[in-house]
Amino acid sequence: MKKMTLPALRDKKGKDPIAMVTCYDAAFARLAEAAGIETLLVGDSLGMVIKGEGSTLGVSVDEVAYHVRAVRRGAPAPFLIADMPFGSYQASVAQGVDNAVTLMKAGAEAVKVEGGVAVAPLVERLTAVGIPVVGHVGLTPQSVNLFGGYRKRGVTKREHDEILRGAIALDKAGAALIVLEMVPAELAARITTEVSAPTIGIGAGPDTDGQVLVLYDLLGMDGAFNPSFLKKYLDLDTQVTAALARYRDEVRTGRFPARRNKS
Ligand code: KIV
């Protein structure tokens, strides 16, 4: 796979849909690169899918940096985005710049921040000092306590207008890409036509410039997680459980190792 750069990604807007997945380790990064996925996101979703926590709030900058290094080693070619975790940019622009620098030194090529108008000054500052920023509006999981749950956003007029204003503010501030999570398809389509940055949707309908999914969700790692926006491309929950049960049985019955499974 040819090295993916930000200008090449931005050039795809309105022409060539962008495929992004989250990724947390070198093994899956290698497979994503082999599949031709052009953009990888080390999402703070790692708090939920890797650490097993109930939200993304407990993730630290050091944890994201650790996963960025692993993903970068596994896949040098895709454009690599690192999430700025909760608490790493909310206090001030200076705090955000310091932590973004840490993630760029770990191997990221851009950082992602959640929020609209409130984070526009940070987006502007990071862009000015050479750090591309991916914006994220709609359902922003770091604000789950404000929203009262992981529900669709932008349904009321107030939310709709706030999200639209936020996306436009991020675009004006120089955002490289903008993630639109769990917003009505018509709002995502409108934002996509009004901003110059490519939009990447998750639960935002088909009219964005690209799509992102959490890797473990699209691979079907959790049979009980079935939101309507998700398409599962595998059923790893069933397949991995069956493989591990078979291994357990073969060890117990002495069928593994066979004579040929020796060093
Ligand atoms: O953390 C994450 O995985 C994300 C994506 C769902 C966009 O922010």
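The figures that follow rest on heavy atoms only: side chains count, while hydrogens, waters and symmetry mates do not. Remember, it's 1-based here, ligands and their atoms both numbered in the order they're listed. Start at 1 with the first residue, then count along the sequence.
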Original post:
Is K12 salt-bridged to E38, going by a charged N under 4.0 Å from an acidic O?
Top reply: yes
Original post:
Is D161 salt-bridged to R165, going by a charged N under 4.0 Å from an acidic O?
Top reply: no
Subject >> Per-atom contacts, ligand 1 versus D83 - under 4.0 Å to a heavy atom >> reply: 1 (O), 2 (C), 8 (O)
Subject >> Salt-bridge criterion met for E181 and R153 (N-O under 4.0 Å) >> reply: no
Original post:
What part of L46, side chain, backbone, both or neither, has a heavy atom within less than 4.0 angstrom of ligand 1?
Top reply: neither
Original post:
Going by heavy atoms in the side chains, are D44 and F86 under 4.5 Å from each other?
Top reply: no
**OP:** Please report which non-hydrogen protein atom sits nearest to atom 2 (C) of ligand 1, along with the residue it belongs to and the distance in Å to one decimal place.
**Re:** S45 OG, 3.3 Å
**OP:** Check each atom of ligand 1 against the heavy atoms of H136 and keep those under 4.0 Å away; list them by number with element.
**Re:** 8 (O)
**OP:** Look only at interatomic distance and state if E114 has a nitrogen or oxygen under 3.5 Å from any nitrogen or oxygen of ligand 1.
**Re:** no
Subject >> Y24, any N or O under 3.5 Å of ligand 1 N or O >> reply: no
Original post:
What residue and atom, counting heavy atoms only, is the protein's closest point to atom 6 (C) of ligand 1, and at what distance?
Top reply: I202 CD1, 3.8 Å
Subject >> Any side-chain heavy-atom pair of P76 and R30 under 4.5 Å >> reply: no
Subject >> Check: G87 main-chain N/O paired with Q90 side-chain donor or acceptor under 3.5 Å >> reply: yes
**OP:** Measure T22 to ligand 1 on non-hydrogen atoms and call it side chain, backbone, both or neither using the 4.0 Å cut-off.
**Re:** side chain
Subject >> Charged N-O contact under 4.0 Å between R72 and E109 >> reply: yes
**OP:** Classify the contact between T56 and ligand 1 as side chain, backbone, both or neither, using a heavy-atom distance cut-off of under 4.0 Å.
**Re:** neither
**OP:** Any atoms of ligand 1 less than 4.0 Å from a non-hydrogen atom of D44? List them with their elements.
**Re:** 1 (O)
Original post:
Is there a side-chain contact between I131 and V111 (heavy atoms, below 4.5 Å)?
Top reply: yes
Original post:
Thinking salt bridges, do E250 and R246 make one under a 4.0 Å N-O criterion?
Top reply: yes
Subject >> For G43, the ligand 1 atoms whose distance to one of its heavy atoms is below 4.0 Å >> reply: 1 (O), 2 (C), 3 (O)
Subject >> Nearest protein heavy atom with distance in Å, relative to atom 8 (O) of ligand 1 >> reply: K112 NZ, 3.0 Å
Subject >> Protein heavy atom at shortest distance from atom 4 (C) of ligand 1 >> reply: L41 CD2, 3.7 Å
